[in-house]
Structure formats: structure tokens, C-alpha cells
Amino acid sequence: MGKWLLAVTLCLLVSSGKAFAGWYQVKNYEGSIGPNPVHLSLQRYDGFGSGITVEGSYFYDAKQSPIALYGKAEGTKLTLCEIADDKELDRVLVMGSKTPVDTTGCPLSLDLSESGATGIWIKGLEKFPVVLQQVAGLDDTAEGRVKGIVEIPFWAQTAIHRFTGIFTKTDAGICMTKLQVISKKQRKAVQSIRFDDNDCNAGMLMTPIYLNVQKQDEEIISVNFRGNGGYTVEYGFSPKTGTYHRLVH
């Protein structure tokens, strides 16, 4: 709940016309964990709560199922834990733990460089080297910078789809200009939802950027917008057309 209140505070500042700096510092990487190609996105922040300073999302290219990450940064070194299911996601990352998180034994350890990251992934008897190259990033904590094509793999997913936001810099600032619906089976975008949003508010509400699209159930997702105190727009999936459409209540 604390993350939501923090986001609303920012939105009120935006709607009142006061200058502000955002909280999104995100870097995206491509590479591999052992023999498996992966895409990974990491957001650094002074404190998400419970001692967490890094949150993120990654997926194996072959599976296309986002895995939520959280952990701690000590300089260039990161220790990252994986979220196992929706219940843990809600407890640790949405509501937030009341006790400091313990990253001991978490599977992913990375050492960041200017161009990428290297490290190791360990779980049980499995142990794989990690090699990543930085491919894009955004930073709205100052004047606002976007490097490359920034694709945010949201934590929300259904059995057949994952969702990726394309974040760009517009005349009104940085925001999500379109949402890609990715078929896990086909491993490609099957729909692109564009936002008619002159104020550039889409995808900029929640403190973790990966929470700006959320699953309500297997056929309804919601997109978060800043402005007007913060609001959401729901999209429903039609099995008949195989696409999402905006719901009007």
C-alpha cells in the first residue's frame, strides 16, 4: 500500500503543475543464463521498502513468461531473488514486507559494468554463468533521458500472453506510448495498443515500473496512468477476435 500512496502523491504534484523528478531509472539487457537466451530489465531506486533497492523482470526467450525480481545493490554488485507466484508477488512487491528482506541464497548475482553485466545463477544443483549486454534504458529522475528502444516486461501475464510497454520521450515527457501483447506460443507481438494521451501519463503511476500493467483475471488487464490523482483503464480479451479492447463501465 505504501508504494501506491507514494505514487498518488507524485500524481497530485503533476496535476497541480509543480515541477518534479520521477523515480524511474531502468536499464534493459539481453544475453544468456547458461545456454538459454534471456531478456532482463532492472529498476534502481533508493528504497522500495524492506531494504529492497532493485526490482526487475526477466524472461527466458523460449518460454516468454516474466519472472519478477527484487534484491539489493552494493555499488555495482546486485543480489536478486525470484518471485515464485502471484501470492508472493503480492506479499513482497505489491503490499511490501514489514520485515527486512533477506537475499541470502537468492539465485542471481550480477556485477554491472558500463556496457552490461556478468554473474552467476544458482538454484539447487544447477549453476550457470550469466552474460548480459545493456541495450536500452530510461531515466526520468532529472531532465528525462531515453536510450534505445525501451521495452518494459511487466510482471502481469496470463496463460497465453505477456505484456510489454514501449516507453519513449515525447514533447510532454517520458511515458508508455504503446502496449504490446505478446503471444507466448508464437513468441511475437500479436496486438499493439496505442494510447491517445497528449499529457503522456500512460505507464507512469506505480513506483515499480513493472506494476503499471496489472492482471485482474485471465481476460482483463488494467493500465495505470498518472494525472488526475492517478487512474486505471481496463482492457478485456475477446476469445472471438483474439484481441484486447477497452472496457467502458
Please round to the nearest 0.5 Å and tell me the distance separating atom CD of Glu30 and atom CG of Leu132. 10.0 Å
Do Arg162 and Phe154 form a cation-pi contact, if we require the NZ or CZ to be under 6.0 Å from the six-membered ring centre and within 45 degrees of the ring's axis? no
Assess whether side chain to side chain donor-acceptor pair (under 3.5 Å) is satisfied between Gln43 and Lys27, documenting all intermediate values. CA-CA 7 Å; Gln43 178 186 350; Lys27 292 183 179 180; over 6 Å; no
Using 0.5 Å steps for rounding, measure from the CE atom of Met204 to the CD1 atom of Ile174. 6.0 Å
Does Leu112 form a side chain to side chain contact (heavy atoms under 4.5 Å, CB included) with Arg44? I'd like the steps, not just the answer. CA-CA 12 Å; Leu112 304 181; Arg44 298 280 293 267; 3.6 Å; yes
Tell me whether Ser32 contacts the main-chain N or O of Pro35 through its side chain, where contact means a donor paired with an acceptor under 3.5 Å. no
The criterion is salt bridge (charged side-chain N to carboxylate O under 4.0 Å, His left out); which residues satisfy it with Lys127, sequence neighbours excluded? none
Within a reach of under 6.0 Å around CG of Asp46, are more than 12 heavy atoms found that belong to other residues, nucleotides or ligands? no
Using a 3.5 Å distance criterion without hydrogens, assess whether the side chain of His245 forms a donor-acceptor pair with backbone atoms of Gly236. yes
So the ring-ring contact (aromatic ring centres under 6.0 Å, His included) pairs with at least one residue in residues 164-189 (sequence neighbours excluded) are none
Glu126: partners by salt bridge (charged side-chain N to carboxylate O under 4.0 Å, His left out), with sequence neighbours left out: none
Shortest non-hydrogen contact from Tyr210 toward Ser41: OH-OG, 2.9 Å
So among Lys215, Gln64, Lys184, which one has a side-chain hydrogen bond (donor to acceptor under 3.5 Å, both in side chains) with Gln157? Lys184
Is Met206 reachable from Val94 through a run of hydrophobic residues whose side-chain heavy atoms are each under 4.5 Å from the next? yes
Sub-4.5 Å side-chain heavy-atom contact between Thr232 and Val223: no
So how far is it from Leu138 CG to Ile209 CD1, rounded to the nearest 0.5 Å? 5.0 Å
Is there a donor-acceptor pair closer than 3.5 Å between any side-chain N or O of Lys169 and the backbone N or O of Gly144? yes
Separation between CD1 (Ile193) and OG1 (Thr177), nearest 0.5 Å, reads 12.5 Å
Keeping Asn224 on the side-chain end and Gly203 on the backbone end, is there a donor-acceptor pair under 3.5 Å? no
Do the side chains of Asp61 and Asn36 get nearer than 4.5 Å, heavy atoms only? no
Using the side chain to side chain donor-acceptor pair (under 3.5 Å) rule, take Gln134 and Ser115 through it: C-alpha gap first, then chi angles, then the decisive distance, then the call. CA-CA 5 Å; Gln134 184 181 330; Ser115 60; over 6 Å; no
Aromatic ring centroids of Tyr244 and Phe163 under 6.0 Å? yes
Sub-4.5 Å side-chain heavy-atom contact between Ser65 and Phe59: no
Are Thr168 and Lys178 packed together at the side-chain level, in the sense that at least one heavy-atom pair is separated by less than 4.5 angstrom? no
Using the rule that Ile, Leu, Val, Met, Phe, Trp and Tyr join whenever any side-chain heavy atoms are under 4.5 Å apart, tell me whether Leu108 and Val101 fall into a single cluster. no
Verify same cluster id: Trp155, Val181 (apolar side-chain graph, 4.5 Å): yes
Ala62: side chain to side chain contact (heavy atoms under 4.5 Å, CB included) partners, not counting sequence neighbours: none
Where is the tightest heavy-atom contact between Ser57 and Leu69, given as atom of each residue plus distance? N-CD1, 4.3 Å
Donor-acceptor pair, side chain of Asn28 and main chain of Gly137, under 3.5 angstrom: no
Hey, is CG on Asn198 packed in by over 12 heavy atoms from elsewhere, all under 6.0 Å? no
Should Leu93 and Ile67 be counted in the same cluster of Ile, Leu, Val, Met, Phe, Trp and Tyr side chains packed under 4.5 Å apart? no
Any chance you could lay out the side chain to side chain contact (heavy atoms under 4.5 Å, CB included) test for Leu42 and Val26, step after step, and finish with the verdict? CA-CA 6 Å; Leu42 295 176; Val26 180; over 6 Å; no
Would you please test Ser222 and Gln216 for side chain to side chain donor-acceptor pair (under 3.5 Å) and show each step? CA-CA 7 Å; Ser222 60; Gln216 305 305 317; 2.8 Å; yes
Going by ring-ring contact (aromatic ring centres under 6.0 Å, His included), name the pairs with one or both residues in residues 174-195, residues two or more places apart or in two chains. Phe195-Phe225
Ala172 backbone acceptor or donor facing Asp199 side chain under 3.5 Å: no
Here the pair of heavy atoms bringing Ile83 nearest to Leu89 is CG2-N, 3.5 Å
Closest heavy-atom pair and its distance - Gly71, Thr103: CA-CG2, 4.1 Å
Is any side-chain heavy atom of Gln180 closer than 4.5 Å to one of Ile166? yes
Enclosure of Ile149 CD1 (heavy-atom neighbours >12, cutoff 6.0 Å): no
Kindly say whether Arg145 contributes a backbone atom to a donor-acceptor pair with the side chain of Asp139 at under 3.5 angstrom? no
Smallest separation among heavy atoms of Glu219 and Pro239, with atom names: OE2-CG, 3.8 Å
Give the minimum heavy-atom separation between Cys200 and Thr170, together with the two atoms involved. SG-OG1, 3.4 Å
Are Tyr24 and Thr207 close enough that a side-chain donor and a side-chain acceptor fall under 3.5 Å? no
Supply the atom-to-atom distance Leu179 CG to Ile221 CD1, rounded to the nearest 0.5 angstrom. 5.5 Å
Between His39 and Tyr60, is the gap from one ring center to the other below 6.0 Å? no
Following the transitive rule for hydrophobic clusters with a side-chain heavy-atom cut-off under 4.5 Å over Ile, Leu, Val, Met, Phe, Trp and Tyr, establish whether Val213 and Tyr231 coincide in one cluster. yes
Output the distance between atom CD1 (Ile160) and atom OG (Ser183), rounded to the nearest 0.5 Å. 7.0 Å
Qualifying side-chain hydrogen bond (donor to acceptor under 3.5 Å, both in side chains) pairs with a residue from residues 69-84, counting only residues at least two apart or across chains: Tyr58-Glu82, Thr76-Asp111, Lys77-Asp111, Glu82-Trp121, Glu82-Lys123
